[in-house]
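Basis for what follows: all heavy atoms, side chains included, without hydrogens, waters or symmetry-related copies. One-based numbering, in listed order, for ligands and for the atoms of each. Start at 1 with the first residue, then count along the sequence. This is a predicted model, so every value here is computed, not measured.
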Amino acid sequence: MYWQKELETISRNDLDKLQLERLKNTVNQAKNSPFYASIFKEYSFSADKIRSIEDLWKLPFTTKEDLRSQYPFGMAAIPLQKCVRIHSSSGTTGNPTVVLHSAKDLEEWANQVARCMYMVGIRDTDVFQNTSGYGMFTGGLGFQYGAEKLGALTVPAAAGNTKRQIKFICDFGTTCLHIIPSYATRLAEVFYEMGLDPRKDTKLRTICIGAEPHSEEQRKRIEELLGVKAYNCFGMSEMNGPGVAFECPEQNGLHIWEDYVIAEIIDPETLEPVPEGEVGELVLTTLNREAMPLIRYRTRDLTRFLPGDCPCGRTHRRIDRFKGRSDDMIILKGVNLFPIQIETILMKFKELGSNYLITIDTVGNSDEMLIEVELSDLFTDDYSTLQRLTKEIVRQLKDELLLTPHIKLLAKGSLPTSDGKVVRVKDLRKLS
Ligand code: AMP
Ligand code: ZN
């Protein structure tokens, strides 16, 4: 039932001790990076001054902007020669956030993912198909190495080509999938279009869904459509990738592996801890990473600790499914993007005015983005010119965002204006 019984069911007291010991190691390791060396100097902080976990609160937060400013290798805490892999976040804004890994880091990460998969009943008798991209995005290689460590027969199908995914699922007897939730519903749709019923015509039984926000309703829908149990998986490239927190068979929140991270939940405005059980921003400190330790990293993801013990016997605390973000990052079809990227492209077109509205909604079984943008008043209403313009806007946005939005050009003055903060993004997907 447990991959590492002792660690997964460790008493809180022993977990506190383990965290303390690992925190000291982390601080010792982090001081080798120029970035943390200067912070520790400024705060006169060192591992030998740490008496309890609370001492960590004396240090400042680390942010995505810090990582960007240190691009590419300013956060490295070991020589590059000892690093064996680079990953980065799925977004495309500015400098990507680079994460370096040593061989030991990769080994630990694979163990973390294997632990999650074992927890939801995946075994070496399973056939595990991974529908994540296998590039810099961590959902590909992260699950690959975890599943191999577990001993499952792995199918690194990678993203896209739905009919081919379905052929593999049928021919290889795939029992488990890793898939982003918006693609899971699309996959089910194609099964039914092909005259196949995934509940009867496949061996699918367990899927791991994550990488983007989704509601309990969406999970239930996926479970019904595919005839599977779907488990929520949280990861982010800055914290390795998938496997940071994962649901157990109770499906009552995600156990966050506290031997790998110290988790805090703070108020994103005051930066103070929120009262136990309230929603705030998740902040994480890595506990056994050597190439690139991160201290008090602001994830920007909003969640809360769930009260009570879990009947599964694991003692690591549970966090709730995400409620959103404390910045304006949008996650669509597993891709991270910021409204400013869209604005930058739109504003390049002199034919366009400066008022626009981005709406994200679930259409059928797929999450779609509609961008309504006003034309500048000098511009034509000639239909074919407008069509050409729309096409060019879509092309440029697709290049930037790696996904295809729908564009609607509107006459000047059509969109509501505001004296205060303009609402640029409406996310109509239901998340809770
Ligand atoms: P990336 O670094 O590209 O893997 O993106 C990480 C971000 O994806 C996280 O900070 C979350 O905002 C989002 N994310 C990952 N897993 C989940 C999940 N299970 N539910 C909701 N959002 C998620
Ligand atoms: Zn549990």
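In terms of polar-atom proximity, His214 is not counted as a contact of ligand 1, lacking any N or O under 3.5 Å from an N or O of the ligand. Residue Ala211 places at least one N or O, backbone or side chain, under 3.5 Å from an N or O of ligand 1. Polar contact with ligand 1: absent for Thr138 (N/O pair, distance under 3.5 Å). Looking at ligand 1, you'll find an N or O of Cys233 within less than 3.5 Å of one of its N or O atoms.
Paired with Arg325 under the rule side-chain hydrogen bond (donor to acceptor under 3.5 Å, both in side chains), one option of Asp301, Thr299, Asn336 passes, and it is Asp301. Between Ile207 and the choices Thr175, Val228, Thr131, the side chain to side chain contact (heavy atoms under 4.5 Å, CB included) rule is met once, by Val228.
The aromatic rings of Trp257 and His316 lie perpendicular to each other, with more than 60° between the two planes, well past the 30° mark. Ring-plane geometry between Tyr118 and Trp3 is classed as tilted, the angle between the planes lying from 30 to 60 degrees on a 0 to 90 degree scale.
Closest heavy-atom contact between Met292 and Val99: SD-CA, 3.7 Å. Contact detail for Pro181 and Ile222: the closest heavy-atom pair is O-CD1, 3.7 Å.
Ligand 1 has no atom lying under 4.0 Å from any heavy atom of Arg321.
Counting heavy atoms from C-beta outward, Ile10 and Asp259 have side chains that stay 4.5 Å or more apart. Looking at Gln144 and Phe128, their side chains never come closer than 4.5 Å, going by heavy atoms from C-beta outward.
Contact annotation for Ser237 and ligand 1: heavy atoms of both the backbone and the side chain come within less than 4.0 Å of the ligand. Residue Phe234 touches ligand 1 through backbone and side chain together, judged by heavy-atom distances below 4.0 Å. Using a 4.0 Å cut-off between heavy atoms, Leu254 makes no contact with ligand 1 at all. Residue contacts with ligand 1, taken as heavy atom pairs separated by less than 4.0 Å, involve Glu212 solely via the backbone atoms N, CA, C and O.
Distances under 2.8 Å from the Zn ion (ligand 2) pick out the protein N/O/S atoms Cys248 SG, His255 NE2, Cys310 SG, Cys312 SG.
Contacts of Gln70 classified as side chain to side chain donor-acceptor pair (under 3.5 Å), with partners at least two apart in sequence or in another chain: none.
The closest side-chain donor-acceptor pair between Tyr297 and Glu238 falls under 3.5 angstrom.
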